[in-house]
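Notes to accompany the following structure.
For ligands, and for the atoms within them, numbers begin at 1 and follow the listed sequence. As the structure is a computational prediction, the values presented were derived from the model and not from experiment. Count residues from 1 along the sequence.
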Amino acid sequence: MSTEVLAASATDVQQASASAPAQSATAEKVNLLGLSRPQMEKFFEDLGEKKFRAGQVMKWIHQFFVTDFAEMTNISGKLREKLEKICEIKAPEVVHKNYSKDGTRKWVFRVGDGEGSLVETVLIPAEDKTGSRKTLCISSQVGCALDCSFCSTGKQGFQRDLTQAEIIGQLWMANYSYMEDVPVIERERSVTNVVMMGMGEPLLNYDAVLNAMRIMLDDFAYGMSKRRVTLSTSGVVPKIDQLAQDIDVALAISLHATNNELRDELVPINKKYPLEQLIAACQRYIGKDGNESARKHVTIEYVMLDGVNDHPEHAQQMIKLLKNLPSKINLIPFNPFPHAPYGRSSRNRIISFQKTLSDAGFVCTIRQTRGDDIDAACGQLVGQVADRTRRAEQWKKKVAAQNEIIRSQG
Ligand code: SAH
Ligand code: SF4
């Protein structure tokens with residue numbers, strides 16, 4: 001995220017309000033927010049209840065954004081009481097939210113116990129020929145172990161995986177933010193697209209991400225189209241194959257370099273799974289039913305780093321590399337962050353890179369300025385908020401100390 005955007009939005013930042021759902025329940029309670037349908041069905045069966053209760057409760061949670069069992073009017077009073085005792089519906093705590101005038105919304109969540117850790121979620125609205133979209137960029141981990149050299153999340157190192165409830169809770173909260181003041185029965189889902197492009201490597205938190213995406217696609221929950229849920233990976237090859245077996249969603253690959261020597265440096269997981277293996281895994285992912293599924297093509301993400309990966313010869317290498325892979329290329333102007341070892345390629349350089357690829361027959365887009373906000377989900381916003389929180393804490397301590405002095409002086 002650029003400093004200009006931060007400066008402009010800082011005044012809009014609000015402290016999380018009491019509107020966030022219940023967060024007081026005890027730790028032993030089962031959080032129903034994170035359960036996929038098979039998991040929820042098992043939960044009800046274990047309680048001696050009918051399986052169809054799962055669908056009913058999921059609709060209340062994910063379509064009507066209800067967190068209080070008392071509001072679930074098609075469930076008997078007795079069962080509601082039982083549920084209240086043993087489970088909860090709990091989204092991660094919102095530490096900051098920022099709804100900017102252009103429609104972009106950002107949340108910083110605290111996850112984990114005590115002080116916990118911060119993760120972020122960004123929603124970008126857009127209008128195009130298919131209508132209006134609201135795309136939510138979701139985080140899957142706190143930090144990331146893969147340490148790509150241009151990524152501020154990577155610089156934080158890996159802290160922990162998000163739970164299923166913390167992942168789907170980001171989508172829940174984004175939808176809920178449009179419905180808070182709407183009567184329960186009139187509530188609807190607003191987010192149209194999800195990209196797993198926030199903090200973390202989703203394929204390294206595989207089970208939680210898979211189950212969260214199942215909830216996204218489930219008609220009893222968000223009922224999203226499989227083409228509108230995209231998982232982005234830096235290239236964990238065996239997990240790409242596993243994903244192909246387990247679910248039908250769109251795939252994006254963080255390519256960023258067109259030869260192994262440079263990719264080893266920029267995206268270190270390349271040393272384990274080099275380009276040939278990665279491209280072959282993408283081809284397998286699309287497979288033979290490419291036309292019927294979400295897997296018509298792979299999106300190739302390519303961050304434009306000044307003088308590093310933006311030479312005409314890199315564009316030529318990309319043409320060769322992708323010639324047998326149905327793909328759409330998205331060039332991402334690099335988002336600088338403090339102490340980043342790179343600069344952003346010039347506009348002209350990006351445009352001529354794009355032209356070379358378009359002339360070779362590729363669909364190649366440049367992520368627009370507003371798209372910069374999506375990259376804000378790569379750890380940069382959290383850094384700023386953490387700073388601000390620290391400053392606020394210091395300020396509070398100072399005020400408390402001064403009050404103490406005043407009190408002691410009578
Ligand atoms: N770990 C996954 C998903 C999260 S990163 C992955 O790497 O694909 C989401 C996207 O933002 C990736 O394409 C990533 O390479 C890109 N990105 C990370 N840091 C960036 C930066 N400083 N500027 C522009 N894009 C960045
Ligand atoms: Fe991790 Fe993706 Fe950042 Fe690489 S680009 S460090 S894989 S979050």
Going by the order shown, which atoms of ligand 1 are within less than 4.0 Å of some heavy atom of S232?
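Answer for ligand 1: 2 (C), 3 (C), 6 (C), 8 (O).
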
With heavy atoms only and a cut-off of under 4.0 Å, state how S234 meets ligand 2: side chain, backbone, both or neither.
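The answer is the side chain.
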
Measure up the W172 and F65 rings against each other and bin them: parallel (under 30°), tilted (30 to 60°), perpendicular (over 60°).
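Perpendicular.
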
Please check whether G200 reaches ligand 1 - meaning an N/O of the residue sits under 3.5 Å from an N/O of the ligand, judged on distance alone.
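For ligand 1, there is an N or O atom that lies under 3.5 Å from one belonging to G200.
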
Min side-chain heavy-atom separation S254-S232 under 4.5 Å:
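Yes, their side chains come closer than 4.5 Å.
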
Side chain, backbone, both or neither: which applies to T233 and ligand 1 if a contact is any heavy-atom pair less than 4.0 Å apart?
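Under 4.0 Å from ligand 1, T233 contributes backbone atoms alone.
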
Which is it for E201 and ligand 1 at heavy atoms under 4.0 Å: side chain, backbone, both or neither?
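Under 4.0 Å from ligand 1, E201 contributes backbone and side-chain atoms.
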
Using a strict cut-off of 4.0 Å, indicate which atoms of ligand 2 neighbour a heavy atom of D147.
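Contacts of ligand 2 toward D147, numbered from 1: 6 (S).
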
I'd like to check which ligand 2 atoms, numbered from 1 as shown, lie under 4.0 Å from a non-hydrogen atom of G154.
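In order of numbering, the contacting atoms are 6 (S).
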
Is ligand 1 less than 4.0 angstrom away from at least one heavy atom of G198?
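Yes, G198 has a heavy atom closer than 4.0 Å to ligand 1.
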
Any heavy atom of H256 sitting closer than 4.0 Å to ligand 1?
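Distance cut 4.0 Å: H256 passes for ligand 1.
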
Can you see whether W60 engages N74 through a side-chain donor-acceptor pair at a distance of less than 3.5 angstrom?
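On atom types as modelled, these side chains qualify, holding a pair under 3.5 Å.
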
